[in-house]
Amino acid sequence: FPADWGEIAKVAEMRNSIAPNTVVVGNGDVLSRAQGEELARTSGVDGVMVGRGVFRDPWIFNPKMSSESTPSMRIDMLLLHLQLWQQTWSDEKNFEVMKKFFKMYISEWEGSSRLRADLMEAKSVDSVIDTLNKAKADVGT
């Protein structure tokens with residue numbers, strides 16, 4: 001079900017009359033920074049949480065980067081994400097959990113779906129890194 005920001009606005013109104021110092025944060029179906037700012041303004045909440053929106057656009061909080069991101073930049077960001085995952089979780093978590101992040105970086109250019117399919121078949125972080133480095137050479141800057 002889609003988020004009902006009308007109901008969220010009712011919570012903000014109730015807060016205003018009962019406990020005006022209480023912070024209310026809205027959440028649900030925020031897909032861009034502009035949309036989140038508009039929802040905060042129109043609903044009266046103090047902040048907005050973003051969940052699924054970041055999986056669609058890793059630069060959701062930086063619209064300039066979002067509109068200017070190149071395939072090479074997206075690959076670099078995934079490489080950084082993989083490096084940080086290795087440093088933080090490689091001894092504790094299964095690598096398969098990283099695969100849910102591939103689409104947020106590897107999308108929106110010709111050949112990205114094929115690359116993503118190849119990445120999903122990978123069995124290790126090192127294999128993904130090798131595949132990404134080869135792909136980066138193919139996509140240019």
Side-chain angles (χ1 to χ4, degrees), residues 1-136 138-141:
F1 296 102
D4 187 340
W5 279 83
E7 291 298 311
I8 294 169
K10 289 178 186 176
V11 171
E13 287 175 24
M14 202 168 25
R15 175 270 322 261
N16 292 342
S17 63
I18 297 171
N21 292 327
T22 300
V23 174
V24 174
V25 178
N27 183 23
D29 302 325
V30 178
L31 300 178
S32 72
R33 180 179 175 151
Q35 180 193 25
E37 289 171 348
E38 177 65 13
L39 288 168
R41 188 185 64 72
T42 59
S43 68
V45 297
D46 301 295
V48 174
M49 287 196 294
V50 176
R52 236 175 289 141
V54 78
F55 283 92
R56 189 169 133 189
D57 179 4
W59 290 278
I60 193 169
F61 300 108
N62 186 344
K64 184 175 186 243
M65 279 297 296
S66 182
S67 65
E68 296 177 3
S69 69
T70 65
S72 182
M73 291 166 63
R74 288 175 165 271
I75 290 170
D76 283 343
M77 188 61 73
L78 178 52
L79 286 166
L80 175 60
H81 193 158
L82 287 162
Q83 176 188 15
L84 294 171
W85 183 87
Q86 278 186 306
Q87 291 170 0
T88 308
W89 299 112
S90 66
D91 294 335
E92 299 175 36
K93 303 244 183 207
N94 186 316
F95 162 70
E96 294 295 315
V97 300
M98 271 301 298
K99 291 182 178 183
K100 69 181 174 184
F101 298 102
F102 292 170
K103 188 173 183 179
M104 71 189 272
Y105 300 109
I106 309 301
S107 62
E108 301 183 23
W109 77 82
E110 187 177 333
S112 62
S113 61
R114 177 72 245 155
L115 174 56
R116 210 169 43 250
D118 292 345
L119 296 175
M120 293 303 285
E121 296 297 318
K123 302 296 182 208
S124 70
V125 173
D126 290 335
S127 176
V128 170
I129 290 170
D130 289 343
T131 301
L132 289 172
N133 283 326
K134 288 174 188 165
K136 190 170 174 191
D138 291 340
V139 298
T141 57

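The figures that follow rest on heavy atoms only: side chains count, while hydrogens, waters and symmetry mates do not. Numbers here are sequence positions counted from 1.
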So, using salt bridge (charged side-chain N to carboxylate O under 4.0 Å, His left out) as the criterion, who are the partners of [X] when residues are at least two apart?
X	result
Asp118	Arg114
Asp76	Lys136
Asp138	none
Glu7	Lys10

With a cut-off of 3.5 Å and sequence neighbours excluded, list every side-chain donor-acceptor pair involving residues 25-37.
{"residue": "Asp29", "atom": "OD1", "partner": "Arg52", "partner atom": "NH1", "Å": "3.2"}
{"residue": "Asp29", "atom": "OD2", "partner": "Ala3", "partner atom": "N", "Å": "2.4"}
{"residue": "Ser32", "atom": "OG", "partner": "Gln35", "partner atom": "N", "Å": "3.0"}
{"residue": "Arg33", "atom": "NE", "partner": "Glu37", "partner atom": "OE2", "Å": "2.9"}
{"residue": "Arg33", "atom": "NH1", "partner": "Phe61", "partner atom": "O", "Å": "2.8"}
{"residue": "Gln35", "atom": "OE1", "partner": "Leu31", "partner atom": "N", "Å": "2.5"}
{"residue": "Gln35", "atom": "NE2", "partner": "Asp29", "partner atom": "O", "Å": "3.3"}

Counterpart residues, side-chain hydrogen bond (donor to acceptor under 3.5 Å, both in side chains), relative to Glu38 (two or more places apart) |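 For Glu38 the side-chain hydrogen bond (donor to acceptor under 3.5 Å, both in side chains) partners, ignoring immediate neighbours, are Arg41.
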**Asked** With Asp46, which residues qualify under side-chain hydrogen bond (donor to acceptor under 3.5 Å, both in side chains), at least two apart?
**Response**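 Once residues adjacent in sequence are excluded, the partners of Asp46 under the side-chain hydrogen bond (donor to acceptor under 3.5 Å, both in side chains) criterion are Arg15.
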Distance in Å, Arg56 CZ paired with Lys103 NZ, rounded so as to fall on 0.5 Å steps: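 Between Arg56 CZ and Lys103 NZ, I get 10.5 Å after rounding to 0.5 Å.
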Phe101 meets the ring-ring contact (aromatic ring centres under 6.0 Å, His included) criterion, sequence neighbours left out, with Phe55, His81
Tell me every residue that passes side chain to side chain contact (heavy atoms under 4.5 Å, CB included) with [X], counting only those two or more places apart in sequence or in another chain.
X	result
Ile18	Met14
Glu121	none
Lys99	Phe95, Glu96, Phe102, Met120
Lys64	Asn62, Glu68

